[in-house]
Amino acid sequence: MYSGDPREFTFRGYVRIVIKCLLATDNVTLHINQLNITDSSLTFSAESPTSSDPAYTSWEEDKTRQFLIIHLDRDMTPGYLATTQFQPTDARKTFPCFDELAIKSHFNVTLIRPEHLNSLSNTPIKDSSRKWSEDGISWVADVYETTPKMSTYLLAFVVSDFVSLNATTANNITYRVWTRPEYIQQGAYALEVGRQILTFFEEYFEIPYPLPKQDLTRTMDVNRCETRSGHSVIIVALLWQWFGDLVTPSWWDDLWLNEGFASYMEYVGVDFVHPEWNMYDQFVIWDLHDVFSFDGLLSSHPVYVPVFHPNEINEIFDKVSYGKNYLKSRSYDAAFHDDLWASMTMQAQIDGKNLNIKSIMDTWTLQMNYPVVTLTREGPDNVKVTQTRYLQDPAANDPGKYASPFGYTWDIPLTFTSSRERNFNKTDADVHWLWRTISMSVIRAPDQLPPLSDPNGWIIGNVLQYGYYRVNYDIANWNALCRQLQTNYKLIPAINRAQIINDAWSLARGCYLPLEIALKTVEYLHEEMDYVPWTVAKQELMYVDIMLSRTALYGDFQKFMLSKVRGPFSALGLNNTGATHLEAAGIEACYYGNEDCIGNATALFREWMTHPQTNLIDPSLKTTVYCTAIREGGLAEWDFAYEQYNTATVAAEKTRLLRALSCSTHVWILSRFLKLSLVSSEIRKQDALRIIQSVSENEIGRSLAWDFLGPTGQRCTRKINLRVNMTTSVTSSFNTEFELQQLKDFMDMYPDRGSGARAFDQAVEKTQSNVAWMKKHYDTLKSWLATQKLAV
């Protein structure tokens, strides 16, 4: 590790494992991956040896399953206590071990390091007195205190030249932030946030943190400029104590027991530190809607997925696992998802609710996708409720990889309100259950519903979007909701305004609803000042932007968008003093050509160019300012930003600048940038992929990126193996028959695509979908844009 070619990373280690035999067996099977073991380095014996003990005879490695199998000359007997010694997913890459979630142990760790470095592990160091010199290096052995019972995947080793900032929590736990010496002052905010959060979660869960110290190591920016992302990294890292070590899934197919809880609780933690950020509203955008977009595909998977191979474990670390009272009962133990349902059923009974939580939740965890609930009026006093499976492409062929045990029906907790009632503070007493066994339900609610004679009367389902389902209505109700947004949108909470937009556009994408209705949901946007619905609308309209960007309609669409962003920009501006990430709704004005926005952005950038050592641009505005200045500027602005990229020491700043460099409208500059991505002395290898992707997202750069990746650029791109990784991204905006044929011709050049076949196939499927969308909706968009008031 410390001499020779650093790419030839090797290390030596020793592990002693104490095991207890529960069933008679003549072998011991451990996990191992990418480790070398020699016969002479392995011994096996009882803790109190006798002549009749089993003896080690041989070992073998099953590389497919990543097993190390130690063979004995006879069976061990139950109760036999033995030790193994080795002297030479990923704990199995560090030392042979029982690398499974449910198998917990105490660990005694010793890390050997050069004297000028330091080491970290899960527990405090108890001794560092052993020192010696070898091969010209002074060595120190750091011996750590025994860990609590824990799974192998939570064990941590760090050897570095990092330095730390230290604090003590209210409950007397040492909390430290470690980073490279030149970044240490950036850790001050992470230190304070982490110190507060650790105490908050101890009190929230009423379970103390079991160790005397907590270390957070970072190699990138975690200060205030990272807003939500920096907080989330800190909070999720701390949450693993409660949702990783304290209670661990019995097996990887219940990964969501960790990731789902941690993903939600990160919002609870950030809300504690910054209640003004309205994190619960943002949960709807960044988790709920984000998962919706993936879980509406046939390539999704159920929350609970049986896994049998290490590669399958990695496949389920995705949005479904992360986004879709048992802590004390399962403390420092392993849990199956039914343990959670049992705890929740018990709590429901205590609360006077006769609910079988397992029966309900099985419909949500054992089948993929999610339902569309349709609400229609049936007479003056009743609402008819039905459900169906949502698919982004209902005509697609289901490969049947995950069969549904419930026929794609769910037990759904439904809430709704109306223009007459306007009660958005629903409780569990207001829930109407739509059971999977009943195809249609009629809810009687005479006091809630507006008169049928009222054309502006509406109902809205899934109040505050607590439920994991979309809602559809009859056309009259959709029109009434759109009129409400246009006349007084504030009567509907921001979360439900975002829901209306997201549901309508997603239902239109899946042909459950005419596109005309989806378009009506965004006509009021010039009035909207809230971050959440604006962000949702922006995400939906960006697809339209991409599809129309090379058509005759784009000018009218640009004018429409400029008319919608003018209001928020006038109210919020491009304020460089105390800007927050919640002001993002107004800065879309720069992208669509608002002169005031462009003027403010370019002035801020010029000020930075004049005083390059002092960047006074607010972190929340940097992405917009950088991109706008480079898009509106020329070579001087681009070269300045490129120099700043090369000298930046903060990873987040490097990422912002790299993306901004792709905003240029000069073809030759973008072409030069693409070629620079191949020069390792200029661009870090990990940034090369980002450059091609970012350039492809620029309308001017789309063809350049394709030429760079495609047939004319194949010799260059082969050097960094971008072909498979980037095909789907670079072709995501393809939407013509000509581009589709280009893509197919490109694929024909590589008949043996191997592991890249899926990426190529997805690129073709996406392009075919875009072509179909354009054919179906172009005339609709043309007619709709003609009806809009486009004076800017």
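A heavy-atom distance below 4.5 Å is not found between the side chains of Thr168 and Ile173. Put simply, the side chain of Phe416 reaches to within 4.5 Å of the side chain of Ile443, judged on heavy atoms. In this structure, Gln367 and Tyr402 have side chains that are not in contact, with every pair of non-hydrogen atoms separated by 4.5 Å or more. In this structure the side chain of Gln214 reaches within 4.5 angstrom of the side chain of Leu198, judged on heavy atoms. By the 4.5 Å heavy-atom criterion applied to side chains, Tyr204 and Val268 are counted as neighbours.
For Glu421 and Lys426, the salt-bridge test passes: some basic side-chain N is under 4.0 Å from an acidic carboxylate O.
With sequence neighbours excluded, the residues satisfying side-chain hydrogen bond (donor to acceptor under 3.5 Å, both in side chains) with Asn496 are Gln499. A search for ring pair (Phe, Tyr, Trp, His ring centres under 6.0 Å) contacts involving Phe107 returns nothing, not counting sequence neighbours. Thr345 meets the side-chain hydrogen bond (donor to acceptor under 3.5 Å, both in side chains) test with no other residue; sequence neighbours excluded.
The aromatic rings of Phe200 and Phe272 sit parallel, their planes meeting at an angle under 30°, below the 60° perpendicular limit. Taking the six-membered ring where tryptophan is involved, the planes of Phe205 and Phe201 are essentially parallel, since the angle between them stays under 30° and well short of 60°.
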(message) Please determine whether ring pair (Phe, Tyr, Trp, His ring centres under 6.0 Å) holds for the pair Tyr370 and Tyr469, giving the CA-CA distance in whole Å, both sets of side-chain angles, and the decisive distance to 0.1 Å.
(response) CA-CA 6 Å; Tyr370 52 85; Tyr469 55 91; 9.6 Å; no
